[in-house]
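Reading through the structure tokens given below for one structure.
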Amino acid sequence: MRWTGFYLFTTREVPKDAEVVSHRLMIRAGMTRRVAAGIYNYLPLGWRSLAKLMTIVRRELEVAGCVELSMPAVQPAELWRESGRWSRYGKELLRIRDRHERDFCFGPTHEEVITDQVRHDVKSYRQLPLNLYQIQTKFRDEIRPRFGLMRGREFLMKDAYSFHADVASLDETYEVMGQAYERIFEACQLDFIRVEADSGAIGGSHSHEFMVVAGTGESVVVRCGSCDYAANQERAEAVLSPPRDAESAERPEPEALEDVDTPNQKTVEDVATFLDVSPSQIVKTLIYETDKGLVAVAVRGDREINDVKLGNFLDVEWLEMAGEARVREATGAPVGFAGPVGLGEDIRLIGDYSVRQSVNFVCGANRADGHNRGVNWGRDATPESWVDLLLVEDGDPCPRCGKRLQLSRGIEVGHIFQLGTKYSEPMKCVFSDKEGNSHAMPMGCYGLGIGRTIAAAIEQNHDDKGIIWPLPLAPFEVLVAPLQVDDPEVASTAERIYRELLEKGVDALYDDRDERPGVKFKDADLIGFPLRVVVGSKSLAQGHVEVSMRRGGERQSVAVERAVVHILDLLTVG
RNA sequence: CGGGGCGUAGCUCAGCCUGGUAGAGUGCACGGUUCGGGACCGUGAGGUCGGAGGUUCAAGUCCUCUCGCCCCGACCA
């Protein structure tokens, strides 16, 4: 490809609202341009990187036994009504109406459509298992799209769906897919980890996310420094105060329950200072509002609740911290003075493990400017359940080996989970077993963000000059840059090298622009071609061209006749 | 959805408070000097100042409405 014939325009400046490195660099390198909020053009250069990733994905999925197909972006509401998601999915589902006033949506995912297809064709256990995938445009009407391709509304996603005759088969495919994902991200040369993830209301025994390690990631990853435990923070188990036998522990004598005045002491820190206790001796009571009513959660004063765990335990569709008015209604006190003692009948009380062993603790008294001290479970209040609801923090003990956990940030580029019969059941995607009995097919689903993976690759591979592509994802492997295009000697040499590279199957771009050397160098660094061949009149007079690698940046003078061989060597080594 | 901010040349922005001739840099075109790390000089083209309405002799500037975009928040008592 010749630069002047390629639609490639770099810029020096970038809109000030582009804050994340990958976003800025993609705009500057001429890879993408925003069309609307969270909606982008993939320009030829960017599209080449996406295409390379898609090729890798297809290659590994074929190995894993997946079959590619393509499904529509626009889907009829009736399928979503059947699965129940038309009403449940919420505002992220972009709903549209055709000229006949029929309801459609722009697909955010394709469980309904694929299930509808498979139930039509597959009737017997003999036809299972199946694993179908597509790479296709999705639309999710995100509250706040941001960070360019990292969180767009319209985006490219590889989504695969597997169908099985039994759970064992699902388990097997799930593992195969996990390995395929590992091979994909390894092939992209990305630093990633596979973490346990929350499978949420979907149920299912397994769910894993694939995270590209990056400080700008939106997800928090919990890792053990000693063993291989790794989980999404939403999922990570807390073992702060493991349950133990009450009688085996030495417990202080219960003190009398006391009601003390704590004027204006609303936060845990305020109360701790005021009453001269440590925050961990305070039991904080959080009031949540859910679609199943109000819930009070007791947790150690210095810790936070993991809303995802809470939502899963309660099996609710939504929950949020109750507002000022609801808190007052529920506890009779303003925010800051809720406590487990004497809570109303209409509010459930759940205890987090972190306070199960608490004795003679401090908590809100459910009145303005008042707290209880000397509170004890059983005598003064009793949660209906003790549950792990804690948000894991840096330094907490590992649930597997007890060593310290570390928190880091990651970009979620892949998510695999077992759906079970969540869709096959309501949509009657059934098959006959050997005995002729009918069963809903257990399903798995496997997503991989194409654009997000490219963005993540840039987040992980750049410097102050620009992108440093991992070779497999680079839009072009080699840039051939003649510095003086009007010098016939320079031009013909550069052109010859370029042509030979093409003949050898190398993905090369020929910078035939009549630009000053500085401009060409800056653009080369910005775009991040892994290899660069510079043909300049001065070195050519010595019979040399210059070959350099973007990563590391070292330049080598190479004899003209050896240039192509040398480049091929470098490309093989990687 | 709540709060804040921004829409002016292809791009990045100034001008708005205090109403009176539409600006800079960059990019683009042309000419010249340059030519191995985003050169310099000169000339030029390029704008319904997001849109609608209002106030005014006069609106990019003030007011109202509207559309679009961005940021923060919508979580810890």
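The shown structure was predicted, so the numbers you read here are calculated from the model rather than taken from an experiment. Chain A is the first sequence line, chain B the second, and so forth, proteins listed ahead of strands; every chain is numbered from 1.
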Parallel, tilted or perpendicular: rings of A/Trp386 and A/Trp377 (30°, 60°): perpendicular

Euclidean distance, atom CG of residue A/Leu483 to atom P of B/G36 [Å, nearest integer]: 8 Å

Nucleotide opposite B/A77 in a Watson-Crick or G-U pair, distances under 3.5 Å: none

Atom pair distance, as rounded to whole Å: CG in A/Asp511 and C1' in B/C35: 15 Å

N-O pairing of A/Arg404 and A/Asp394 below 4.0 Å: no

Note, A/Glu196 side chain near A/Asn232 side chain (heavy atom, < 4.5 Å): no

Touch class at under 4.0 angstrom, heavy-atom based, for A/Arg146 against every strand present: sugar-phosphate

Mate of B/C17 where both pairing distances stay under 3.5 Å, Watson-Crick or G-U: none

Under-4.0 Å side-chain N/O to phosphate OP1/OP2 contact, A/Lys284 with B/A77: yes

Base B/G36 paired with A/Glu546 side chain (donor-acceptor, <3.5 Å): yes

Sugar-phosphate, base or nothing in reach of A/Arg328, heavy atoms under 4.0 Å: nothing

Of the listed nucleotides B/G38, B/C76, B/C70, the one nearest the side chain of A/Ala37: B/C70

Lys/Arg cation over aromatic A/Trp86: A/Arg95, 6.0 Å, 45° cone: yes

Nearest-Å distance for atom pair NE2/P, residues A/His544 and B/G36: 19 Å

Euclidean distance, atom CG of residue A/Asp464 to atom C1' of B/G37 [Å, nearest integer]: 13 Å

Salt bridge flag under 4.0 Å for residues A/Arg513 and A/Asp511: yes

Distance in angstrom units between A/Glu234 CD and B/C76 P, rounded: 17 Å

Touch class at under 4.0 angstrom, heavy-atom based, for A/Leu391 against every strand present: nothing

Donor-acceptor pair present, A/Arg12 side chain and B/G10 base, under 3.5 Å: no

Between B/A29 and B/G37 - C1' atom distance, rounded Å: 26 Å

Of A/Gly38 and A/Val327, the one whose closest RNA chain B nucleotide lies more 5': A/Gly38

Close side-chain approach of A/Asn366 to A/Leu343, heavy-atom, < 4.5 Å: yes

Presence of donor-acceptor pair under 3.5 Å, side chain of A/Ser539 and base of B/G36: yes

Residue matched to B/A24 through Watson-Crick or wobble contacts both under 3.5 angstrom: B/U12

Salt bridge present between A/Lys309 and A/Asp388 (N-O < 4.0 angstrom): yes

Sugar-phosphate, base or nothing in reach of A/Ala338, heavy atoms under 4.0 Å: nothing

Nearest-angstrom distance, P atom, B/G4 to B/G46: 41 Å

Separation of the P atoms in B/U61 and B/C17, to the nearest angstrom: 9 Å

Whole angstrom value for the distance that separates C1' of B/C75 from CE of A/Met321: 6 Å

No-H, no-angle donor-acceptor pair, A/Arg532 side chain to B/G37 base, under 3.5 Å: yes

Interatomic distance at C1', B/G31 relative to B/G47, whole Å: 26 Å

Complementary nucleotide for B/A58 - Watson-Crick or wobble, under 3.5 Å: none

Pairwise P distance, B/C67 and B/A52 [rounded to whole Å]: 15 Å

Separation of A/Phe106 CZ from A/Leu94 CG (nearest 0.5 Å): 8.0 Å

For B/C30, the Watson-Crick or wobble counterpart (both distances under 3.5 Å): B/G42

B/G2 pairs with, by Watson-Crick or G-U criteria that keep both distances under 3.5 Å: B/C72

Nearest to side-chain heavy atoms of A/Thr267, which nucleotide of B/G36, B/G38, B/A77: B/A77

Per A/Arg516 side chain, nearest of listed nucleotides B/C75, B/G37, B/U34: B/U34

Closest-nucleotide ordering on RNA chain B, the 5'-leading residue of A/Val534 and A/Ala322: A/Val534

Side-chain H-bond candidate by donor/acceptor type, A/Asn461 with A/Arg551, under 3.5 Å: yes

Nucleotide paired to B/C65 in any strand shown, Watson-Crick or G-U, under 3.5 Å: B/G51

Sugar-phosphate only, base, or nothing, as touched by A/Val299 at under 4.0 Å among non-hydrogen atoms: nothing

Atom-to-atom span, CG of A/Leu343 to P of B/A77 - whole angstrom: 18 Å

Interatomic distance at P, B/C30 relative to B/G68, whole Å: 40 Å

Integer-rounded Å distance: B/U12 P and A/Ile27 CD1: 9 Å

Nearest listed nucleotide, side chain of A/Gln484, among B/G36, B/A77, B/C69: B/G36

Base B/G38 to side chain A/Arg28, donor-acceptor N/O within 3.5 Å cut-off: yes

Nearest-Å distance once atom C1' is located in both B/C69 and B/C28: 26 Å

Spacing of the P atoms in B/C1 and B/A9 (rounded, Å): 29 Å

Closest nucleotide among B/C11, B/G38, B/C76 to the A/Lys522 side chain: B/G38

